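The structure appears right after this line, and notes come after that.
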Amino acid sequence: MSFTFDNQRPTATVVRSLHPLVIERPRSPVHIHSYGGETPFFEGLGQGRLMATRCDNPACTEAGAAGYLFCPPRVHCPDCLERMTWVDITDGPARTAKVHTHICVLHPGAFNRLPTPSKLISVEMEGVITTLMSHMRVGVPVIGMELEPVFNTSSPTFTILDLSWRQRRAR
Amino acid sequence: MIRFSERNLAPPKQMRPVYAVAAGQSDFRKRYPGKKTEELAIEAFRMLALENGLKVESVQELRSYIHSAYYGHFADHFGDQLLGEAQIHDRLGLDPLANAGIKTGGATGGSTVWMAANAVASGYSDCVLALGWERMDEVDTRTGNHYIAAAADRDFETELGHTYTGYYALMAQRYWNTLGGASEAFRHTLSKIAVKQRGYAWSNPFAQTHQRITVEDVERSPFIADPLRFYDACLMSVGAAAVLLCDEETAYKLSDDPIRLFVAAGSHTLRAADRRPIDIPLLPHERNDAAILQQYRDLYGDGKERFPGYTGFLAARMAAHYAYGMTGITNPIEELDMVELHDAFTISDVQTYEDIGLRPYGSGADFIESGDAYHTNPLTGLPGRCPGNVSGGLLGTMHAIGATGIMQVNEILWQLQGKWAHFHDRPELWERFGKTRPDDIEDLQIRGARRGMAVSHAGVGSHVTCAVLSRPEAILK
Ligand SMILES: [Zn+2]
């Protein structure tokens, strides 16, 4: 794989004001960013899987002893710093998901890719100690609403946007 | 880490007393094309040197005391200039003295004072400069919001189009629906904070805004991220602030009225998602208060609400724990005569009242509703018990990130020195900033103030510092 960087600047300078002298300084860099050891999470979303991690170190007195899951996942246990075990929670804890808190974003920051207004939610799941930040594309969130995950498997973006949630249907 | 040892929790120590001696600032503006950041830093430093009644004749004479410098600047990408610290240091004429840049998000200013104080407390330097700035006017507001949101987890959270208003809106939503009782009254409390802070900014010549607003204005302002509205959010500013810290001997050589300074800090996860629930670490006055302990069982027992979850800030609670242990404060509402809090959003002001123990968790709104938080209690017309953000805070006066925590310390320093009028009510100062002193300026000097605390706060509570300033005769331990 090779990367090309092409950030040529136009030769003309745009002047905004003369006193004081104010110019435009363009900048549009592209960052080549790796998910490193967290790759299974972002790879999983595009394949319809929600992945979490768990500390299985028997000597760990905090997260390991408690046995709970982390989602967002961590490569290393925050307590003992041993490598954690990847766990597919799609058909387990993800089926217990609920809205912990939520907002409606009317003025997102630049480079936003979600349709505005966007509905961001914090998701709690049984057995998961964290509350995953995510979004709903359909429906209106309220605290405590039962959720099920929706994965973008058809044209993954390989970002957190490949996961969204909708109100859970009776199974 | 969710279990703490005695060693983890030990009160921080200063090996010798530290004094805040003099302070200075530029004015704060949304855009400041007329001046480069270096010019604003020099204005802050010149005010510090020449307008605080120091026993020096010139900037050069003051410079002869300085041994090292600490610079607060958070967001390099805003100004597209890396290592601006070196530039500022050179423009201030402080080469070749040692300097270092400090960067802890919104707490950058507070952390800069923390590092500077530690340099004096350790004996490394007898006299240090802490100076911070931010320049947020080179990009449009949407890009600015994205730049700030890049201080959240880039992969898991920023990508969702998040903004910092969004983060605090998540907190407001959760707080409002759980601890806030889902009531309209809580919305009004938030609005009163927005009105109060902007009301104080009216009388502050450094302030970015001079605008009188009402509760109705706040509640009619557009949503930025529902439930937070335009007036619930702080400013984005350009400006600089500086404070001079000394050991005891140097402090009294330079000033007749130096003020003791203690700074402590705490931290918590960058991702709010990763906050693991723990038992509330209790402050000294909470430990044996049956009513407070019962309130905590009612609110948090049986997993009803998570601590810190989206409703509290562990970093602030920890910073307060350390600061109170360091200073001997046992009940902050009794022993603090003023606070300057990081009111980035109205909701975070309420949360901070609870984190630092001015009210128990779940009762923050009462700090406003009781009138305690006001310079003059609107219910009684008497002095407020512990006035909050009489500077105008981040909501009314400024949030130039690297300067903010320093501005808070400056405001308390000047209050404890009885210099509020000198730095707020001089017509010459208003004119210097291109403004006219309002005829109805409010005298906000807090009479008889002995101690105050500034809380500087980053991200969604990733870093928090608590700076306690105390008149030397009012030291508790
Ligand atoms: Zn572990």
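All values below come from the heavy atoms of this structure, side chains included, with hydrogens, waters and symmetry mates left out. What you see is a predicted model; the values in this text were computed from it and never measured. Throughout, protein chains are lettered first and strands after them, A, B, ... in sequence-line order, and every chain is numbered starting at 1.
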With chain B, which of A:Ile121, A:Thr130, A:Thr157, A:Leu163 has the greatest number of heavy-atom pairs at distances under 4.5 Å? A:Thr130
Ranking A:His102, A:Glu38, A:His33 by heavy-atom pairs under 4.5 Å to chain B gives rank one to A:His102
Option that, when pairs with chain B are counted at under 4.5 Å, heavy atom only, ranks first among A:Pro108, A:Ser134, A:Cys104: A:Cys104
Looking only at heavy atoms, which two atoms of A:Asp79 and B:Ile2 are closest? And how far apart? OD1-N, 4.5 Å
Are the ring centres of A:Phe42 and B:Phe156 closer than 6.0 Å? yes
Sort A:Leu114 into side chain, backbone, both or neither according to what part of it lies under 4.5 angstrom from a heavy atom of chain B. side chain
Okay, B:Arg3 and chain A: the region with an atom under 4.5 Å from a heavy atom over there is both
According to salt bridge (charged side-chain N to carboxylate O under 4.0 Å, His left out), does anything in residues 106-119 of chain A pair up with another residue at least two apart or in another chain? List the pairs. A:Arg113-B:Glu159
Cut-off 4.5 Å, heavy atoms of chain B, and the answer for A:Val142 is neither
Where do B:Phe223 and A:His107 come nearest, in terms of heavy atoms and distance? O-CD2, 3.5 Å
With heavy-atom distances below 4.5 Å as the criterion, would you say the side chains of A:Leu161 and B:Leu160 are in contact? yes
A:Phe41 vs B:Asp155, test: side chain to side chain contact (heavy atoms under 4.5 Å, CB included). Steps then yes/no. CA-CA 11 Å; A:Phe41 178 84; B:Asp155 292 341; over 6 Å; no
Does the side chain of A:Ser122 come within less than 4.5 Å of B:Arg174's, by heavy atoms? no
What are the two closest non-hydrogen atoms of A:Arg25 and B:Gly79, and how far apart are they? NH1-O, 3.8 Å
Heavy-atom cut-off 4.5 Å, strictly under: side chain, backbone, both or neither for B:Asp80 against chain A? both
In short, A:Arg74 meets B:Asp274 closest at the heavy-atom pair NH2-OD2, 2.9 Å
For chain B, which residues of residues 59-67 of chain A have heavy atoms nearer than 4.5 angstrom: A:Thr61, A:Glu62, A:Ala63
By a 4.5 Å heavy-atom criterion (distance strictly below it), what part of A:Pro141 contacts chain B: side chain, backbone, both, or neither? neither
Minimal heavy-atom distance between A:Ile103 and B:Pro227, with the atoms involved, is CG2-CD, 4.2 Å
Picking from A:Thr131, A:Leu132, A:Asn112, which has the most non-hydrogen pairs under 4.5 angstrom with chain B? A:Thr131
With the side chain counted from C-beta on, respond yes when A:His100 and B:Arg306 share a heavy-atom pair under 4.5 Å apart, and no when they do not. yes
On a heavy-atom basis, which atom in A:Leu120 and which in B:Leu170 lie closest, and how many Å separate them? O-CD2, 4.2 Å
